[in-house]
Amino acid sequence: MSTSMPFPKPEVTLSLTLSPGPTPLEALKPEERGIRLIQLLLSCAKHTSSGNLHRADECLRQILLLASISGDSMQRLSARFASALAIRLVKRWPGLHKALNYTQLPKQEFDQAKPLFGQAFPYLGFSYAIISHVLIRAMVGERVIHLVDLGSRDENLWIQLLRSLSCLPDGPPHLKVTCLNSNKAILEKLGPRLVKEAEALDMPFQFNPLNISLRDLTLDMLKVRPGEALAFISILNLHTLLAEDDRVDAHFGDNKNINGIKDSKQMCRFLTMIRSVSPKLLLLVEQEADHNLNRLVDRFVEGLHYYSAVFDSIDAKFGAMSSGERLVLEEMFGKEIENIVACEGLEREERHERYGRWLVRFGQGGFKPVRIWYDSIENAKQMVEACGRDGYKIVNEKASLMICWHDRPLYAVSAWTC
């Protein structure tokens with residue numbers, strides 16, 4: 001079944017396990033089951049938000065009679081959201097939350113999930129092709145190019161960029177790549193791979209690894225030199241800078257709302273820092289969703305709508321058969337859902353925003369959008385056709401390109417300049 005949406009103490013251990021016995025709920029047809037699951041999830045989110053623990057617990061009992069991580073896409077999605085709600089409830093008792101051993105993949109397997117996502121779905125491939133075309137057009141005639149990767153860590157992006165830059169009309173430029181990542185092992189693997197590729201292309205090359213998080217980046221770390229044509233690339237990462245201690249800001253009235261968009265001190269500082277070095281481009285890929293909302297119920301509804309399309313596309317790729325690859329991917333998305341639903345304040349980093357909100361933020365930071373060239377759009381559309389997969393679309397909207405599953409935009413690619 002498609003998951004697209006029609007738009008005193010809880011007994012924790014019972015809520016976190018499936019009931020073994022059959023019930024009338026289990027006899028529902030798939031369509032009826034999907035509708036019932038949506039109703040129960042929304043009710044549970046409302047009770048969780050209002051602190052009505054008994055009613056939230058009862059909703060979880062009913063949800064987990066219908067949900068399953070090995071069922072259809074709606075059942076699997078519901079299991080992830082139910083788990084996130086249960087974790088949020090248990091967090092009311094910090095000691096209990098810390099003591100419980102939630103089932104999750106080891107960290108190294110999550111590291112495998114990102115490359116698997118790129119291999120299984122064309123979303124990142126489309127984004128990389130668009131980024132490559134925009135960069136090549138912008139860098140024609142430049143002899144020293146400095147590209148800063150704000151955490152993507154994907155060698156597929158960089159190999160493609162190196163090969164494209166080596167074909168510039170004036171020959172390969174001197175290329176410097178600065179790459180941020182908090183995982184040192186990823187940098188140690190990426191650096192030699194890019195050096196080897198640059199040598200094969202006879203391209204002068206420097207690799208500057210920064211083993212830090214995006215929040216810790218300072219201007220001096222970038223080692224920007226006069227005469228460099230500078231560009232920044234952020235793939236599904238910039239939204240982490242929007243994490244703020246919302247409750248403290250709300251209490252002291254520090255978090256201003258401009259055009260309905262929450263002020264973010266960290267983002268403002270970052271954009272000011274980037275603008276001070278006058279980059280030719282800042283290329284951004286972000287989830288096209290509003291998960292940076294204060295009210296739990298609001299972002300729960302938005303999350304359910306967004307991830308239903310994601311899980312539908314997973315089903316289209318892997319079919320009804322369960323597989324280890326599908327489980328790894330859904331665990332990765334499950335951790336995103338958990339962060340959106342169960343976390344608050346600085347801990348809640350999955351604060352995805354739609355392109356319209358980025359348009360306001362970047363405008364306030366002194367940036368303006370760069371209209372993506374026609375041939376880049378046409379090239380991306382040819383890639384969609386070459387994929388041979390029904391359901392994927394690329395739509396041009398307000399100087400950005402929306403990568404869609406059917407009619408639901410999932411990722412937005414945009415370019416910015418000072």
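- Atoms CD and CG, from Q62 and L60 in turn, are 10.0 Å apart once rounded to the nearest 0.5 Å.
- Using a 4.0 Å cut-off between a side-chain N of Lys or Arg and a carboxylate O of Asp or Glu, R357 and E286 do not qualify as a salt bridge.
- Ion pairing of E302 with R354 is present here, as a side-chain N (NZ or NE/NH1/NH2) and a carboxylate O approach within less than 4.0 Å.
- Proximity of a side-chain donor or acceptor of N237 to a complementary backbone N or O of L150 within less than 3.5 Å is detected.
- For E142 and K280, the salt-bridge test passes: some basic side-chain N is under 4.0 Å from an acidic carboxylate O.
- Using a cut-off of 4.0 Å between Lys/Arg side-chain N and Asp/Glu carboxylate O, D312 and R408 are scored as not salt-bridged.
- Using modelled atom types, no side-chain atom of S83 and backbone atom of A79 make a donor-acceptor pair closer than 3.5 Å.
- Under the 4.5 Å side-chain criterion, counting only non-hydrogen atoms from C-beta, I403 is in contact with S127.
- Between D298 atom CG and H291 atom NE2 the span is 11.5 Å, to the nearest 0.5 Å.
- The number of heavy atoms from other shown groups lying within 6.0 Å of CG (D202) does not exceed 12.
- Remark: side-chain polar atoms of Q75 are not paired, donor with acceptor, to backbone N or O of S70 under 3.5 angstrom.
- Counting heavy atoms of neighbouring residues, nucleotides and ligands inside a 6.0 Å radius, atom CG of D170 exceeds 12 of them.
- Taken to the nearest 0.5 Å, the CZ atom of F300 stands 4.5 Å off from the CG atom of L85.
- No option in E349, Q266, R269, R351 other than Q266 meets the side-chain contact (heavy atoms from CB on, under 4.5 Å) test with L241.
- Proximity of the aromatic rings of F117 and F333 is defined here by a centroid distance below 6.0 angstrom, and this criterion is met.
- At a cut-off of 3.5 Å, with distance as the only test, no side-chain donor of Q364 or R361 sits close to an acceptor on the other residue.
- A distance-only check finds no donor-acceptor pair linking the side chain of S49 to the backbone of K46 [under 3.5 Å].
- The shortest distance between side-chain heavy atoms of R215 and T240 does not fall below 4.5 Å.
- Under the 4.5 Å side-chain criterion, counting only non-hydrogen atoms from C-beta, S166 is in contact with M203.
- Distance check, rounded to the nearest 0.5 Å: OG of S276 to CG of L219 gives 4.5 Å.
- With respect to the salt-bridge test (charged N to carboxylate O, under 4.0 angstrom), the residues K335 and E331 do not qualify.
- For the pair V341 and T48, the minimum side-chain heavy-atom distance is 4.5 Å or more.
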